[in-house]
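Written out below as structure tokens is the structure these notes cover.
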Amino acid sequence: VIAYEWRGRFSNDEVNALHAEGFGHPVLADDWRAQVLRHSLGWVCAREGSQFVGFVNVAWDGGVHAFVLDTMVAAVGRRRGVGTRLVAIAVDNARAAGCEWLHVDFTDDLGPFYVTSCGFRPAPAGLIALRP
Ligand SMILES: CC(C)(COP(=O)(O)OP(=O)(O)OC[C@H]1O[C@@H](n2cnc3c(N)ncnc32)[C@H](O)[C@@H]1OP(=O)(O)O)[C@@H](O)C(=O)NCCC(=O)NCCS
């Protein structure tokens with residue numbers, strides 16, 4: 001059974017491990033707890049027993065816009081609907097908090113996930129890489 005929790009407890013090590021696996025880089029020592037507590041509307045944690053299997057961060061402008069960042073599911077737990085459920089819980093909680101828009105940006109290959117499965121409407125978006 002997978003348990004999902006909005007603003008659930010997590011350790012920095014758990015999210016750093018998931019991020020390294022999901023985005024293919026060495027394990028970093030980022031302070032996710034401080035970051036999300038200070039800047040996010042919330043986040044969703046997924047656990048299967050004692051195993052941390054999923055996370056999504058919901059950043060916020062302090063008003064009606066929330067932003068999905070860092071949707072990630074442990075490789076062993078993928079393609080079982082965990083990512084879709086994480087995003088659905090983010091949608092419900094952003095709406096409950098009074099947000100009017102939930103944004104995400106993603107590469108074309110993730111269209112089947114964000115558009116078809118999670119229900120985002122495709123919209124033009126822009127991005128500037130601020131560091132080379
Ligand atoms: C993207 C990610 C979060 C999806 O999590 P997941 O739990 O496997 O997703 P779901 O099981 O809810 O997938 C639902 C549907 O979305 C689509 N989908 C899922 N992962 C996909 C992927 N990597 N590429 C394209 N489509 C995908 C499929 O249509 C899938 O349905 P199916 O399994 O019946 O074919 C996960 O693959 C991941 O953590 N990837 C690495 C990190 C990453 O790239 N995150 C997104 C950053 S923007």
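All values derive from a computational prediction rather than experimental measurement. Reckoned from all heavy atoms, side chains included, excluding hydrogens, waters and symmetry mates. Note that ligands are numbered from 1 as they come in the structure, with each ligand's atoms numbered from 1 the same way.
In this structure, W32 CH2 and L37 CG are separated by 13.0 Å, a value rounded to the nearest 0.5 Å.
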Distance dump, ligand 1 polar atoms to protein, N/O, under 3.5 Å:
from, atom 1, to, atom 2, distance (Å)
ligand 1, 7 (O), G83, N, 2.7
ligand 1, 8 (O), R79, N, 2.8
ligand 1, 11 (O), R79, N, 3.4
ligand 1, 11 (O), R80, N, 3.2
ligand 1, 11 (O), G81, N, 2.7
ligand 1, 12 (O), T84, N, 3.0
ligand 1, 12 (O), T84, OG1, 2.5
ligand 1, 33 (O), R79, NE, 2.9
ligand 1, 35 (O), R79, NH2, 2.8
ligand 1, 39 (O), V73, N, 2.8
ligand 1, 39 (O), V73, O, 3.4
ligand 1, 45 (N), T71, O, 2.7

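A donor-acceptor contact shorter than 3.5 Å links the side chain of E21 to the backbone of A75. Under the 3.5 Å distance criterion, the side-chain polar atoms of W101 are left unmatched by any main-chain donor or acceptor of V64.
Scanning for side-chain contact (heavy atoms from CB on, under 4.5 Å) contacts around T107 gives D109, L110, with sequence neighbours left out. Judged as a side-chain contact (heavy atoms from CB on, under 4.5 Å), and not counting sequence neighbours, the contacts of V73 are R78, V82, L86. Legend: residues meeting side-chain contact (heavy atoms from CB on, under 4.5 Å) with S117, ordered by chain and number and at least two apart, are T84.
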